[in-house]
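One structure below.
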Amino acid sequence: MKLLTHNFLSSRFLKNVATGYPLLLRVNEKELREVEFDQDFVQNIMPKVDYNCLVSTLMAIGEQGALPNELPENWRENEELLKELHRVLVKIEVIVGELECPESGRVFPIKDGIPNMLCQEDEC
Amino acid sequence: MYFNENKPRQLGTTFSGDKLRRKLQKSVQQLKRHDADVIVSDTPTAKLFVANSSVLCGVSLEELEEIFVGYDAEAQITVFPNKRAYSFVEFSTLEKAKQAYDELHGYIHPALRSSHLPFLCAYVENLPAARPSSSLLRPNDLVVVEDFVTEIEEEKLLNFILQHAQCEVLKHRSVLHFGHEFDYSSNTSFKKCEPIPKEIDDLIKAVQRYGVTIEPDQITINIYEPGQGIPPHYDTHSAFEDPVISLSLLSDVVMEFKDGANSARTAGVLLPRRSLSLIQGESRYRWKHGIVNRKYDVNPLNGRVFSRRKRVSITMRKIRHKPCECAWKEFCDWDRDGEMSIPQNDSSARFIEQNYVSNVYEEIAPHFDETRHSQWKAVQGFLDSLPDYSLVYDVGCGNGKYLIAKDRLVKFGSDLSMNLCQIAARKDCQVARADGRAQPFRPIADAVLCIAVLHHLSSHSRRLEMVCELLRLLRPGGRACITVWSMDQTGAQYSKMRENKDDTEMNEQSKGGERLRVHDGKCFEQQDLLVPWQVEGGSTTDENKGKAFLRFYHVFRENELAELCLETEMCTIEKIICEQGNWIAIIQKV
Ligand SMILES: [Zn+2]
């Protein structure tokens, strides 16, 4: 699971959960994958990415690196920043870990890089 | 091309020269590839290899017989229906073989009714070796005991049967009953008829000495003239105990078995004259059996064509007085107190989906991945219509076939099957495991795909919940593309693939009621059914071969998908398309 994917995951589907976002991420095993830098992709995806979620998650897993707490106005032109966004969004792969619903505390395991978000019928 | 399909047929024409030689050479190469043990002879022999002479070329057994018996009444024909384009003919003398060769090589015989290819002949020294019986597909649990009665015993039984006054002639065959007969007036039960005579009783005792424990009380004797048969059928589960016992007299015959769980699996089983067959267990409860209406059969072991003679079969069954409790409940006429009914409440819907969707996909995932690559035009058109970098969720992404394309879309997928998620993940797709009705994504999607998933939900309310969930994922104005199986399969590849030659199938299973039925590959007779998954060949593990994988489907009527979408009151319909037996809806969230 890439952090890009994590950025779009939510546990809103659970019963009595209002937003279920962002999911708390705990990592037991991760790796860095080689993915070719695609500036267009980063520039176009960032408006859809929740930056606060990204930063807090990076902080939680010790990967914040050089990423500022707030996205600067000129981020589109800042190649270094774009490359760092590329690194954290698509190069980091979480292999084993878990996700936790911020409201209900329900935990979802991540195995083989796949978050298992399946719940019992009576949970949703 | 030399043999052009579109060319008018030139019956009676003889070809010669280089073209014919080249064509024969090609056929001989084919022979060497498929049957390497056959040795082609430069000098005449009594055995001919004949290319362009099989059902694959539109040549029937009757035509072959007609042509070759004209040269030699004792000619023995060997064919490999649906496997080889060639046959072999063994003549009683060298002279007859030579005459046939001289006249038929390169000749389009006028007796051919649909083939337009000339026979291509070569002398051979031997025929292909018989296939080991272990290599043939056979229904499990079927037992055939050869030489169960002696010729003298056979004659005694025949004398009794053929002289019996009550021989009733039916449309397809003559029938005689002892013990009990089916009561057509009530259509549900048996009525007593002429008691089982001593001749048959002795036979029953012999069968019991063989190890059969039931006490047959319903005897049916069928007398078939050559050419007569019986359509594929199940002996009604609850009507009779296991096994169904049958003795063949007077003629060999090939009985066709069809796997109810996989219509690609058919097995011809030779029932030799004087043999006893025990149709029991899987061969009784899961496979249909029947005899094709034709005058010739092909011995499945050696391909030898033989003509049928008048045949008498004695079927011995024990009437059952309570519902069947076999291990093949999907094929059974007892619905297990509603367990196998079309779901009427949420818990039965969950039971059906667990057993006939989730569990099955986990098991068939690798084979599913091998076979699912083609994409539908309308779905591709939908994806092409999206602006670059649109956010797309593929709900029920399967092996990731719509996720892998490098198409400047930002795509995430989910699937209920962990094995399919892993297959998609290995292709670098971004996936999460989740239920279609409980999606783990932020509700900001520009587009949602839901391809061939909604029809696996087994109640209306669950299907409605799923469409609501798809719409919840979309931003206002976002669009979804949903595809489901259509009840109308005309022109679909699926039905072409499964088309059956003899369409006079007969099914004694009780009709009506709200029972889930196993789809037999033809028209959909009801909207909720179990559809066999065909596991054959490929790299699928052997243990899965022949296993029944039945998936639940709710096939959609015309307008049903549109009505379901509108019922959410959350969308408008952009268009509904029908493509290859599927309904495809493009909808927009308001
Ligand atoms: Zn049964």
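Proteins get letters first, then strands, A, B, ... in listed order; numbering begins at 1 in each. Predicted model, so just to flag it, every value in this text is computed and none were measured.
- Between A:Asn44 and B:Arg408 there is no side-chain heavy-atom pair separated by less than 4.5 Å.
- Both the backbone and the side chain of A:Leu4 come within contact range of chain B, each with at least one heavy atom under 4.5 Å from a heavy atom of that chain.
- Of all residues in residues 441-462 of chain B, those placing a non-hydrogen atom less than 4.5 angstrom from a non-hydrogen atom of chain A are B:Phe441, B:Arg442, B:Ile444, B:Asp446, B:Arg462.
- For A:Thr5, the parts sitting under 4.5 Å from any heavy atom of chain B are the backbone and the side chain alike.
- Contacts of B:Asp346 with chain A are made by side-chain atoms alone, with heavy-atom separations under 4.5 Å and no backbone atom involved.
- A:Lys48 contributes atom NZ, which lies 11.0 Å from atom OH of B:Tyr389 (distance to the nearest 0.5 angstrom).
- Side-chain contact between A:Arg12 and B:Gln439 is absent, with no heavy atoms from C-beta onward closer than 4.5 Å.
- Both the backbone and the side chain of A:Leu9 come within less than 4.5 Å of a heavy atom of chain B.
- For residues 410-418 of chain B, the interface with chain A (any heavy-atom pair closer than 4.5 Å) comprises B:Val410, B:Phe412, B:Leu416, B:Met418, sorted by residue number.
- For chain B, the nearby part of A:Tyr21 is the side chain; its heavy atoms alone come within less than 4.5 Å.
- Residue-level contacts of residues 105-124 of chain A with chain B, in order of numbering, are A:Asp112, A:Ile114, A:Pro115, A:Asn116, A:Met117, A:Leu118, A:Glu121, A:Cys124; threshold 4.5 Å between heavy atoms.
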Next item on the list: Show your working on side chain to side chain contact (heavy atoms under 4.5 Å, CB included) between B:Arg437 and A:Phe13 and close with a plain yes or no.
Entry: CA-CA 9 Å; B:Arg437 293 154 47 258; A:Phe13 62 88; over 6 Å; no
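- Listed by sequence position, B:Cys421, B:Gln422, B:Ala425, B:Asp428 are the residues of residues 421-428 of chain B in contact with chain A, using a 4.5 angstrom heavy-atom cutoff.
- At most 12 heavy atoms of other shown residues, nucleotides or ligands fall within 6.0 angstrom of atom CG in A:Asn16.
- The neighbour count for A:Glu73 CD, taken as heavy atoms of other residues, nucleotides or ligands under 6.0 Å away, does not exceed 12.
- Considering CD1 of A:Ile45 and CG of B:Leu391, their distance stands at 6.5 Å, rounded to 0.5 Å.
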